[in-house]
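Data block below; observations after.
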Amino acid sequence: MFYCILAVNTGTPRIKTILVACVGMLVYILPSLCFFMPFRWEEERYTDGVKWKFLEHKGPVFAPPYDPLPSNVKFYYDGKHMKLSSTAEEVATFFAKMLDHEYTTKEVFRKNFYKDWRKEMTSEEKSKITDLNKCDFSEMSEYFKAQSEARKAMTKEDKQKIKEENERILQEYGFCIMDNHKERIANFRIEPPGLFRGRGDHPKMGMLKRRIRPEDIIVNCSKDSKHPKPPPGTKWKEVRHDNKVTWLVSWTENIQGSIKYIMLNPSSRIKGEKDWQKYETARRLKKCVERIRAQYRDDWKSKEMRIRQRAVALYFIDKLALRAGNEKEEGETADTVGCCSLRVEHLTLHQEMDGQEYVVEFDFLGKDSIRYYNKVPVEKRVFKNLQLFMEDKEPEDDLFDRLNTSILNKHLQELMDGLTAKVFRTYNASITLQQQLNEITNSEDNVPAKILSYNRANRAVAILCNHQRAPPKTFEKSMQNLQTKIDAKKEQLADAKRELKMSKYLAVESKKKAVQRIEEQLMKLEVQATDREENKQIALGTSKLNYLDPRISIAWCKKFGIPIEKIYNKTQREKFAWAIDMAEKDFQF
DNA sequence: AAACACACTTAGTATCGGATTC
DNA sequence: GAATCCGATACTAAGTGTGTTT
């Protein structure tokens, strides 16, 4: 409540002064109208990198301490029962919990696990346990399965108790005060210890992710706030007051040595403003993209190799929405690439293919080891350049040997203030949605059909950005179920029509209505089936959440009378509150 | 200019929990 | 009332990009 009033008082409303006064009064009179407060996003913003003036929070929630196994759950080595020390046992349970997973059969995973497990053993255990293959974790594994069954079978009351306890923790630790707002924290729980599961072919899979203690934690808050207290008998590593950053808590993780953070929820002011800013940058690119395109096309002819490489890479980033492709330390992570780090082996050139000239075939693993496979006809000049870049190189050599993301981004910065490689992805995603919506929405359609059009526009973006997913395990089944429903509905419709025909004089109107209703239901089901089928291997969520200017979707909803809830669920509406507040029906990206 | 440190966004998948079906 | 389904949410890995140090 209080922040709304403050928002009114400290805001910098532009042309809405009169409205502010009115809403301000309403806020005093009707506290429930608080969510109505649109002016948060127009509060004064800080300059020179200051992110906040006041920050208060309760610190993180730590993982529960290790709960040793009951004595009847045994570990066997070489067929013989062996009582493990608590520390070694804990690490063993991590492995036991994953026994059903394919991971535990992989050589790298087993090797890494075994190595880290040994570090946690007593010297006696170390001398006894010399071969992972002789370890029998099956009783542990069964025990955890039973536990999870027991949890499912708990009484309603017990489940309710747990729910209430979680809610209490959320209320206590899940929020902070940043400046005048109470904000939701995204991840207030410290990651529990366990075995690292990288994605793809990760060289560190199976390594032990160690337990994080208060002594590992750096707390960030404002000096004049109530500082979070470490658990009794412990100390924080450090308490600092850095208002040039947005995080509340950080620690260093032991697998890659990188820093992990606790930050605010996407619904927060600080994230919302950043998000808005991101789309505004992309809209500025829209204004000069043709100039930039003309420039890189020109640069394909440059005398300098580094400029040609830069120009071809930028063309890929623009046309194909590839990621920038930073260098990665070899052997530390899975072997994945983006544009600048493409290697010769990732491209195949086809002078002619399927009746098209100058086709480039891409095949590489991108972020999260998701495969990017695409055959793209390109301009002759690009093709000739690629031939040149690939000349006299080994498959594992860099395609763009005179280029990296730093060089590329420096160049982009000169073309437009704030321009980096990733802005092209945002820009191309959003402009594609806008164009698709303009093109395929039919104002005559009913609501479900319009939503199908929306999802198709969204899908075009997801395909551009290569947002794939493994088809859900139950995909075929769920399609069948839907088809069964459709068949049933068809029969129902036939019945209803028959009835209508027979009742020429009696209750015709209500029968007509019934037919109409069933027809609508049938159509809804059919649309749903089409949507699901087309979505089999495409994930819409990522682009919706990270690449599409929400104002496009909101304006579209307003223009065509679609309730926003049909497009954005509750969380998404919270994240995009800034856009819901500001987008008018004629907004165009 | 390479290496490093840091902060922050983007990403797919596992799990949860409420709705629906049997 | 159990089983199943499915969207929402939690989780945390894996990127991008900037600024500093060597």
Side-chain angles (χ1 to χ4, degrees), chain A residues 49 51 63 98 101 148 151-153 156 159-160 162-163 166 170 174 186-192 194 196-200 202 204-205 209 218 220 242 244-247 250 252-253 255-266 270-271 274-275 277-278 317 322-329 332-334 336-341 365-370 404-410 412-413 418-426 429 462 465-470 472-475 477-478 481-482 484-485 528 532 539-547 568-572 574-575:
Chain A
K51 304 285 169 54
M98 297 171 85
H101 204 290
S148 118
R151 228 171 304 127
K152 273 186 221 155
K156 259 200 188 115
K159 281 184 182 167
Q160 184 62 22
I162 291 174
K163 206 176 155 189
N166 280 335
L170 172 67
N187 55 324
F188 55 89
R189 289 174 197 276
I190 299 281
E191 295 172 20
F196 176 77
R197 316 147 76 123
R199 312 232 171 104
H202 198 117
K204 297 195 172 185
M205 64 169 80
K209 231 174 84 154
I218 302 174
N220 194 34
D242 182 355
K244 304 252 173 107
V245 296
T246 67
W247 52 267
S250 75
T252 301
E253 149 273 344
I255 303 289
Q256 321 275 357
S258 67
I259 307 169
K260 299 261 185 167
Y261 302 94
I262 291 182
M263 292 185 189
L264 297 192
N265 200 59
I270 206 151
K271 296 287 184 191
K274 197 79 188 298
D275 208 32
Q277 199 184 13
K278 173 180 79 184
I317 284 171
L322 300 190
R323 295 188 185 83
N326 282 315
E327 294 110 299
K328 306 168 70 184
E329 217 175 325
E332 294 292 302
T333 58
T336 62
V337 297
C339 184
C340 293
S341 50
L365 297 182
K367 182 177 179 180
D368 294 314
S369 294
I370 297 291
N404 60 40
T405 55
S406 168
I407 295 170
L408 179 64
N409 280 332
K410 272 201 191 92
L412 293 175
Q413 188 55 234
L419 187 60
T420 62
K422 81 197 267 283
V423 178
F424 281 88
R425 242 168 111 79
T426 311
C465 293
N466 199 41
H467 291 141
Q468 297 193 31
R469 61 167 185 177
K473 287 188 189 82
T474 53
F475 183 84
K477 183 108 183 287
S478 94
N481 287 348
L482 203 49
T484 312
K485 273 190 191 172
Q528 200 185 346
R532 194 175 296 179
L540 299 186
T542 302
S543 52
K544 203 175 199 175
L545 236 44
N546 299 303
Y547 289 103
Y568 292 136
N569 67 29
K570 183 164 151 285
T571 321
Q572 294 165 337
E574 281 165 10
K575 166 165 178 166

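Every chain is numbered from 1 and lettered A, B, ... according to where its sequence line falls, protein lines coming before strand lines.
- Phosphate contact (OP1/OP2 of B:dG17, side-chain N/O of A:K159, threshold under 4.0 Å): absent.
- Look at A:R197 and you won't find any side-chain N or O under 4.0 angstrom from OP1 or OP2 of B:dA14.
- Distance CD (A:E327) to P (B:dA5): 16 Å, rounded to an integer number of Å.
- Contact annotation: side chain of A:K367 to base of B:dT10, donor-acceptor pair present below 3.5 Å.
- Heavy-atom minimum distance, A:K159 versus A:R151: CE-O, 3.8 Å.
- Phosphate contact (OP1/OP2 of B:dT10, side-chain N/O of A:T542, threshold under 4.0 Å): absent.
- Between A:R199 and the phosphate of B:dA14, there is no side-chain N or O to OP1/OP2 separation shorter than 4.0 Å.
- The phosphate of B:dT9 (OP1 or OP2) has no side-chain N or O of A:N546 nearer than 4.0 angstrom.
- The distance between atom CG of A:L322 and atom P of C:dA14, rounded to the nearest whole Å, is 20 Å.
- Panel note: side chain A:K575, backbone A:L545; a donor-acceptor pair is recorded below 3.5 Å.
- Atom-to-atom, CD1 of A:I259 to C1' of B:dC8 comes out at 11 Å; the value is rounded to the nearest Å.
- Of the side-chain N and O atoms in A:H467, none sit less than 4.0 angstrom from OP1 or OP2 of B:dT10.
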